[in-house]
Amino acid sequence: MWICPKCERPLAHANQWHDCVKQDLDALFEGRPPELLLAFDQLLVTVADWPEVAVSATSNCVVFLHKKTFLVVRPMKKELDIKFYLAEPKPGFPVIKTAGERTKTAHHVRVRQPEDLTSAVYRLLRSSWEQF
């Protein structure tokens with residue numbers, strides 16, 4: 001893992017392209033419902049406890065890295081868009097959308113409150129962490 005000397009974000013590779021901006025994590029949740037921050041905090045506490053996970057904020061999302069980016073959380077007006085990557089598509093609830101990329105498939109789950117972070121969601125996120 002490489003740390004950008006300007007924005008101090010952890011990245012998978014040296015000199016990797018990224019949105020080189022220092023962002024305060026709390027600023028991403030300004031004007032959002034308090035339930036979103038509670039849901040994100042619950043997610044953060046769980047996932048950041050997994051081995052070798054680095055977390056950083058960009059101008060509009062929070063990125064979680066293991067060996068590569070495996071999870072991106074984007075606060076929206078009324079919900080969190082949780083995007084994670086798996087080698088193969090896993091359609092069906094709680095996944096609302098999948099999109100193929102070069103070597104992996106992005107999966108999206110939407111969360112409005114902490115109770116939406118079910119064991120099924122965490123199993124999918126853990127699979128992403130294991131693969132990437």
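In this text, all values refer to a predicted model and were calculated from it rather than measured experimentally. Sequence positions, counted from 1, serve as the residue numbers for this chain.
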For Ala87 against Thr105, the heavy-atom pair lying closest together: O-OG1, 4.0 Å

Ser59 versus Leu28, closest heavy-atom pair with distance: O-CD2, 3.6 Å

Gap between atom OG of Ser127 and atom NE2 of His107 - 0.5 Å precision: 10.0 Å

Ring centroid separation Phe70 to Phe84 under 6.0 Å: no

Under 3.5 Å: donor-acceptor pair, side chain of Arg74, backbone of Ile82: no

Considering all heavy atoms, the nearest Phe132-Thr69 contact: CB-O, 4.2 Å

Cluster check Leu38, Leu43: I/L/V/M/F/W/Y, side chain < 4.5 angstrom: no

Common cluster, Val63/Leu71, ILVMFWY with side-chain heavy-atom separation under 4.5 Å: no

Distance in Å, Glu88 CD paired with Lys104 NZ, rounded so as to fall on 0.5 Å steps: 14.0 Å

Tyr122 with Val55, same ILVMFWY side-chain cluster at under 4.5 Å: yes

Taking every non-hydrogen atom, the tightest pair across Pro75 and Cys61: CD-CA, 4.3 Å

Pairwise distance CZ(Arg112) to CG(Leu117) - rounded to 0.5 angstrom: 13.5 Å

Within one Ile-Leu-Val-Met-Phe-Trp-Tyr cluster: Leu80 and Met76, side-chain cutoff 4.5 Å: no

Contact check, side chains of Val62 and Leu25, non-hydrogen atoms, under 4.5 Å: yes

Flag, side chain of Asp116 to backbone of Gln113, donor-acceptor distance under 3.5 Å: yes

Check: Trp50 side chain, His66 main-chain N or O, donor-acceptor pair, under 3.5 Å: no

Spacing of CZ belonging to Phe64 relative to NZ belonging to Lys83, to within rounding of 0.5 Å: 14.0 Å

Atom pair CD (Glu35) and CD (Glu79), whose distance is rounded to the nearest 0.5 Å: 13.0 Å

Closest non-hydrogen atom pair, Arg110 against Asp81: NE-OD1, 2.8 Å

Gln131/Leu86 under side-chain contact (heavy atoms from CB on, under 4.5 Å): CA gap, chis, key distance, verdict: CA-CA 7 Å; Gln131 293 178 27; Leu86 296 172; 3.7 Å; yes

Reported NZ-to-NE2 distance for the pair Lys97 and His108, which is rounded to 0.5 angstrom: 4.5 Å

Val73 side chain near Phe40 side chain, heavy-atom distance below 4.5 Å: yes

Val121 to Pro94 - nearest heavy-atom pair and separation: CG2-CG, 3.8 Å

Side chain Arg32, main chain Glu30, donor-acceptor under 3.5 Å: yes

Leu65 with Tyr85, same ILVMFWY side-chain cluster at under 4.5 Å: no

